[in-house]
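Have a look at the structure below before the remarks.
Along the sequence shown, residues carry numbers from 1. Because the structure is a prediction, the values reported are computed rather than measured.
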Amino acid sequence: MTPVHFAFSSTFLLGLAGLAFHRTHLLSALLCLEGMMLSLFIALSLWTLGLDSTNSSAAPMLLLAFSACEASAGLALLVATARTHGTDRLQSLNLLQC
């Protein structure tokens with residue numbers, strides 16, 4: 001395993017661990033998701049550059065576009081949750097109530 005591969009794998013796994021074990025606020029969960037998406041974007045970009053192929057050069061930009069859409073939807077949910085419940089703590093949310 002190369003050091004670059006190890007760095008991006010550990011970055012992704014740290015984001016995944018933060019998402020799994022530190023679920024107190026919705027904002028921290030969104031930041032962990034963004035860290036995971038950015039590590040995937042950088043790894044995919046370096047993989048595309050390493051292949052010197054123009055066939056898969058659009059894949060990192062497509063992933064970045066989906067990441068931006070995910071971030072905007074997450075922030076919209078954060079604002080809606082903060083307005084209706086008054087906080088972004090995940091323990092105060094009840095999925096059975098609308």
Side-chain angles (χ1 to χ4, degrees):
M1 179 182 293
T2 63
V4 173
H5 185 254
F6 177 73
F8 291 121
S9 297
S10 63
T11 304
F12 182 80
L13 289 176
L14 280 174
L16 187 64
L19 184 64
F21 297 126
H22 188 65
R23 293 187 294 171
T24 56
H25 293 281
L26 182 59
L27 185 60
S28 65
L30 290 175
L31 284 174
C32 289
L33 281 175
E34 280 301 309
M36 290 168 56
M37 289 299 286
L38 285 176
S39 69
L40 284 176
F41 169 71
I42 293 172
L44 188 61
S45 298
L46 289 177
W47 179 69
T48 304
L49 285 174
L51 285 180
D52 290 331
S53 174
T54 58
N55 294 337
S56 59
S57 63
M61 294 306 293
L62 187 65
L63 182 71
L64 192 62
F66 282 133
S67 177
C69 292
E70 176 257 333
S72 65
L75 287 177
L77 284 173
L78 177 71
V79 168
T81 302
R83 284 184 181 175
T84 57
H85 296 293
T87 183
D88 70 332
R89 292 185 59 86
L90 293 176
Q91 285 88 8
S92 67
L93 298 178
N94 189 359
L95 295 177
L96 298 177
Q97 293 178 343
C98 292

Identify the two heavy atoms, one from [X] and one from [Y], that lie closest to each other, and give their separation to 0.1 Å.
| X | Y | result |
| --- | --- | --- |
| Ala7 | Ser10 | O-OG, 2.9 Å |
| Thr48 | Pro60 | OG1-CG, 3.9 Å |
| Leu78 | Leu27 | CD2-CD1, 3.9 Å |
| Glu34 | Ala71 | OE2-CB, 3.3 Å |

To the closest 0.5 Å, what do you measure between [atom1] ([X]) and [atom2] ([Y])?
| X | Y | atom1 | atom2 | answer |
| --- | --- | --- | --- | --- |
| Leu19 | Leu30 | CG | CG | 9.0 Å |
| His25 | Thr87 | NE2 | OG1 | 6.5 Å |
| Ile42 | Met37 | CD1 | CE | 12.0 Å |

Do you reckon [X] sits in the same ILVMFWY cluster as [Y], going by side-chain contacts under 4.5 Å, direct or chained?
| X | Y | answer |
| --- | --- | --- |
| Leu31 | Val79 | no |
| Leu33 | Leu77 | no |
| Leu44 | Phe66 | no |
| Phe12 | Leu38 | no |
| Phe8 | Leu51 | yes |

Between the side chain of Ser67 and the main-chain N/O of Leu63, is any donor-acceptor distance below 3.5 Å?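 No; zero donor-acceptor contacts below 3.5 Å.
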